[in-house]
Student: 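Handing you a structure now.
In the text below, chain A, chain B and the rest are named by the order of the sequence lines, each starting its count at 1.
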Amino acid sequence: MSSFDESDAFESASLATRAMAARPTPYLDDLNPAQREAVEALEGPVLMLAGAGTGKTKALTTRMVHLLNTNTARPNEILAVTFTNKAAREMKMRVGRMMGEAVEGMPWLGTFHSICVKLLRRHAELVELKSNFTILDTDDQLRLLKQLVAAANIDDKRWPARMLAGIIDQWKNRAWTPDQVPAAEASAYDGKGVALYKQYQTRLRELNAVDFGDLLLHMVTIFQTHDDVLEQYRRWFRYILVDEYQDTNVAQYLWLRLLAGGHRNICCVGDDDQSIYGWRGAEVGNILRFEKDFPGATVVRLEQNYRSTPHILAAASGVIAGNRDRLGKELWTQAEEGEKVRLIGHWDGDEEARWVGEEIEAFHSGTSGVAKRRDNVRSTSATQESERIAKGGKRSQNREGDIHEINLQRTEALSEQGKSNLPRPRTFGLDEIAILVRASHQMRSFEDRFLTIGMPYRVIGGPRFYERMEIRDAMAYFRLVVSPADDLAFERVVNTPKRGLGDKAQQKIQVTARQNGVSLVEGAAILLEEKGLTGKGASELAKLLEGLRRWGRLVGDKDVSHVELAEMVLDESGYTEFWQMDKTPEAPGRLENLKELVKALEGFENLQGFLEHVSLIMDNESEEVGEKVSIMTLHAAKGLEFPAVFLPGWEDGLFPSQRSMDESGLKGLEEERRLAYVGITRAEEVCTISFAGNRRVYGQWQSQMPSRFIDELPEDHVEVLTPPGLYGGGYGAAGGGLGTIESRVAEANVYNSPGWRRMQARSQQRPMSQPQEARDMVIDAQAVSAHEMGERVFHQKFGYGAIIGIEGDKLEIDFEKAGVKKVVARFVTGADDIPF
DNA sequence: ATGAACTTCTTTTTT
DNA sequence: AGAAGTTCAT
């Protein structure tokens with residue numbers, strides 16, 4: 001994508017298009033009836049409810065083509081908004097391809113944010129900004145807020161600036177200016193939230209800067225307070241299309257409603273079941289309310305799925321059916337039956353990763369890694385155990401320890417036999433396989449495992465290029481060269497690399513600048529003149545200022561390209577050298593990134609254009625290719641599809657995420673459920689769900705309970721894989737063979753398996769069984785005797801302390817932080833012991 | 001002013 | 001377990 005061609009965007013209709021007579025519409029024949037209806041209803045409000053894999057993008061792009069092709073609209077009269085740059089790019093490409101060369105790019109097809117930047121630059125003065133305002137990244141934003149918080153004498157231990165940033169963000173998402181924040185929010189951030197928000201906005205205006213939320217908020221404000229401007233755009237944007245409507249927040253919703261208010265030619269596409277961004281302000285309510293907002297709207301449901309097999313669809317439908325307040329859709333497909341969704345439990349997270357790795361190898365080479373042959377790989381103890389279960393006996397007194405042993409044995413047996421010889425219907429290329437996790441920390445065990453077995457993988461959506469420290473530093477240098485008054489950029493680089501300008505020196509600069517009412521760069525110059533700094537710091541600062549002046553003069557110089565200038569800045573500032581001297585293992589990579597950054601500059605006219613681009617394109621541009629397994633979060637997977645999908649970590653607390661449920665209760669749980677729905681519907685042919693009995697959480701082993709979503713999977717569409725897991729083990733055993741009725745019944749019975757029951761039981765806080773208590777007593781006794789009076793000990797929750805008394809199985813401890821407490825001895829370790 | 005040592009927090013998800 | 005932020009000693 002290139003920088004802006006905004007001045008032309010409104011006026012220059014594509015004459016070629018305009019001159020065209022209405023053409024035939026062969027593209028309509030490619031559509032199914034529902035899609036066609038959505039495409040042909042050009043006038044008035046349209047809501048397209050597009051389930052996963054139902055050809056939503058196709059319908060949307062075809063609609064655009066139809067608008068153009070029938071001469072209903074010119075390219076510049078169509079406002080088409082997406083959430084991601086990727087989606088915008090994709091649509092541009094598809095429309096372009098369908099229309100041939102006749103259409104120049106659509107100037108108003110882009111993300112909410114990029115379109116708002118274009119608009120806001122034209123009308124900046126209406127919100128007291130200059131049109132060359134800068135867009136802050138989250139680092140700048142946070143730094144600014146920290147300053148305000150410190151100035152307000154707030155203990156940022158108890159009230160972190162991060163929290164304030166989050167609060168302000170949410171307010172902006174709801175389109176509340178400081179004056180509009182409702183009274184109910186008055187207690188936010190120790191009662192000082194609103195005041196700080198106001199200060200923050202003032203500060204931004206002083207800096208001629210906006211944050212991401214402002215882009216929308218300012219435009220909504222302008223539309224609401226300037227009828228003439230709004231009217232102008234209502235005339236210009238005669239047709240509006242919105243992708244992923246279920247993800248819009250209030251500000252975006254208002255923005256759209258204002259723009260569509262006149263002609264009501266708005267077509268929103270979305271799927272309420274795939275709304276997964278509530279945490280950042282998205283309101284499912286927007287899509288649920290569409291028909292009320294736009295009475296008489298045409299509502300079209302796209303329900304024919306072209307992606308997944310019936311079992312996969314049924315599993316997904318079964319899960320999502322647990323949500324209330326749905327608009328309701330019934331996905332169907334003509335695809336062949338295919339495999340059931342596969343479910344497997346594992347001993348722990350590492351084991352899960354190991355198994356997935358082997359399974360992928362098997363997929364790749366054409367043999368199923370799974371225990372189709374499970375009947376003959378059971379270890380003796382497992383067999384006995386399962387027979388006991390089969391007879392209806394309780395798995396009494398089995399504590400984790402026992403199960404662990406059993407399963408370790410079984411696991412070993414299986415790793416020999418695991419790769420059964422049954423061929424899959426087909427093999428999979430590695431890039432047809434994806435692992436979708438709930439939280440990015442889950443990726444780690446997979447990466448570790450894949451590195452050791454040499455499985456090529458790629459992580460999608462990780463830290464984005466432009467968010468990396470070295471890139472931001474370099475960008476700050478560029479910003480400062482282009483606009484020396486960019487105080488936030490100055491703060492970022494003044495002591496990077498180290499110039500001997502620490503807190504104290506920086507404070508002096510701040511004070512001088514404020515006293516003189518000038519920018520930090522000018523303030524620094526004055527400070528030097530006044531000899532307010534001495535020694536190394538002074539000379540280094542002088543060098544930096546001199547450099548900035550020199551580079552600044554070269555901006556726009558016709559003898560020095562902006563690429564050369566950028567290189568010069570990085571070299572002469574000492575930034576490149578800073579990383580060359582760095583001995584840490586990541587230093588070479590960072591240098592590499594800097595090179596890439598400079599290279600990326602070549603695609604732009606000048607530095608300014610590049611800076612503009614980067615502030616909005618936080619995309620991971622480089623989509624590396626190659627035969628690799630993809631690892632990503634469920635959120636990152638939305639909109640993608642893969643023949644084979646692994647969904648690991650289906651454990652309560654992880655997925656659904658505890659935090660989600662704590663913060664948002666049922667709403668949070670429903671969003672998690674939608675996430676599960678999104679995950680399953682990414683799969684075309686094979687979908688494998690797994691969970692582990694134990695997992696490291698914050699470096700601490702925790703036993704896990706299978707996700708409640710597993711309960712919600714319709715049994716008829718799930719195949720429970722036996723070992724090397726904890727829970728399914730041995731169910732096929734009773735019947736003794738693959739395909740027998742007994743085995744199938746037994747498989748379905750995983751829900752009644754002892755491991756399952758044990759987990760369920762624990763969730764209901766049933767009291768411990770007798771033997772366990774007895775065992776705990778022994779443990780306690782041992783634990784007490786392991787300690788002595790006065791010993792320095794450590795407790796997971798209370799920290800360090802000294803033993804001042806022993807009573808039965810409890811120790812009385814004087815904790816350094818938490819004071820005197822009585823705690824059960826087994827929860828305490830010697831301060832010098834290494835707990836494990 | 002700077003690095004080492006020690007603490008505390010973190011794990012959602014992103015334009 | 002690791003990162004990030006804090007405090008402390010040079």
Student: Under 4.0 Å, counting only non-hydrogen atoms across every strand here, what does A:Lys504 touch: a base, just sugar-phosphate, or nothing?
Tutor: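 Touches sugar-phosphate only.
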
Student: Would you mind telling me which residue lines up with the more 5' stretch of DNA chain B, A:Asn495 or A:Leu654, judged by nearest nucleotide?
Tutor: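 Of the two residues, A:Asn495 wins.
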
Student: Nearest of B:dT14, C:dT6, B:dT15 to any side-chain atom of A:Thr111?
Tutor: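 Side chain of A:Thr111 sits closest to B:dT15.
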
Student: Applying salt bridge (Lys or Arg N to Asp or Glu O under 4.0 Å), name anything that partners A:Asp140, two or more places apart in sequence or on another chain.
Tutor: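 Here the qualifying residues are A:Arg143, A:Arg479.
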
Student: By a 5.5 angstrom centroid cut-off and a 30 degree plane limit, is there stacking between A:Tyr698 and B:dC9?
Tutor: no

Student: By nearest heavy atom, map A:Thr138 and A:Ser660 onto DNA chain B; which one lands nearer the 5' end?
Tutor: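 Final value for this comparison: A:Ser660.
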
Student: What's A:Ser440 touching, base or sugar-phosphate or nothing? Going by heavy atoms closer than 4.0 Å.
Tutor: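 Sugar-phosphate, no base atom in range.
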
Student: Tell me which residues in residues 240-252 of chain A put a heavy atom below 4.0 Å from DNA chain B, sorted by number, or none.
Tutor: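 Those residues: none at all.
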
Student: For the pair made of CD in A:Gln700 and P in B:dT8, what is the distance, rounded to whole Å?
Tutor: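 Roughly 16 Å, once rounded to whole Å.
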
Student: Which nucleotide wins on minimum distance to the side chain of A:Lys498, given the candidates B:dT14, B:dG3, C:dG2?
Tutor: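 Minimum distance to the A:Lys498 side chain belongs to B:dG3.
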
Student: Is it true that A:Glu244 and A:Lys56 make a salt bridge, defined as a side-chain N closer than 4.0 Å to a carboxylate O?
Tutor: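 Salt bridge: yes.
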
Student: With sequence neighbours left out, which residue pairs that include part of residues 165-174 of chain A fulfil the side chain to side chain donor-acceptor pair (under 3.5 Å) condition?
Tutor: A:Trp171-A:Glu185, A:Lys172-A:Gln201, A:Lys172-A:Asp211, A:Lys172-A:Asp214, A:Asn173-A:Asn249

Student: Name all residues meeting the salt bridge (Lys or Arg N to Asp or Glu O under 4.0 Å) criterion together with A:Asp582; count only those two or more places apart in sequence or in a different chain, and write none if there are none.
Tutor: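 Partners of A:Asp582 by the salt bridge (Lys or Arg N to Asp or Glu O under 4.0 Å) criterion come out as none, since no residue qualifies.
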
Student: Among B:dT15, B:dT13, B:dT2, find the nucleotide with the atom closest to the side chain of A:Thr633.
Tutor: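 Ranking B:dT15, B:dT13, B:dT2 by closest atom to the A:Thr633 side chain puts B:dT13 first.
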
Student: Taking OP1 and OP2 of B:dT11, is either one under 4.0 Å from a side-chain nitrogen or oxygen of A:Arg444?
Tutor: no

Student: May I have the distance from A:Arg162 (atom CZ) to C:dA4 (atom P), rounded to whole angstrom?
Tutor: 10 Å

Student: With respect to the side chain of A:Tyr277, which nucleotide from C:dT6, B:dT15, B:dT13 is positioned closest?
Tutor: B:dT13

Student: Please classify the nucleic acid contact of A:Phe83 as base, sugar-phosphate, or nothing, using heavy-atom distances under 4.0 Å.
Tutor: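 Sugar-phosphate only.
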
Student: Choosing from B:dT15, B:dT11, B:dT14, which nucleotide comes nearest the side chain of A:Ala636?
Tutor: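 The answer is B:dT14, which lies nearest to the side chain.
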
Student: Which nucleotide sits closest to the side chain of A:Arg696: B:dG3, B:dT14, C:dA1?
Tutor: C:dA1

Student: Could you tell me how the ring of A:Tyr277 sits relative to the ring of A:Trp279: parallel (under 30°), tilted (30 to 60°) or perpendicular (over 60°)?
Tutor: tilted

Student: Report the distance from atom NZ of A:Lys172 to atom C1' of B:dT14, rounded to the nearest whole Å.
Tutor: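 Atom-to-atom, A:Lys172 to B:dT14, this comes out as 16 Å.
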
Student: Test: ring-ring contact (aromatic ring centres under 6.0 Å, His included). Region: residues 661-681 of chain A. Which pairs qualify, not counting sequence neighbours?
Tutor: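 Counting only pairs at least two positions apart or across chains, no ring-ring contact (aromatic ring centres under 6.0 Å, His included) contact touches residues 661-681 of chain A.
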
Student: Could you pull out all residues at least two apart from A:Asp271 that satisfy salt bridge (Lys or Arg N to Asp or Glu O under 4.0 Å)?
Tutor: A:Lys329

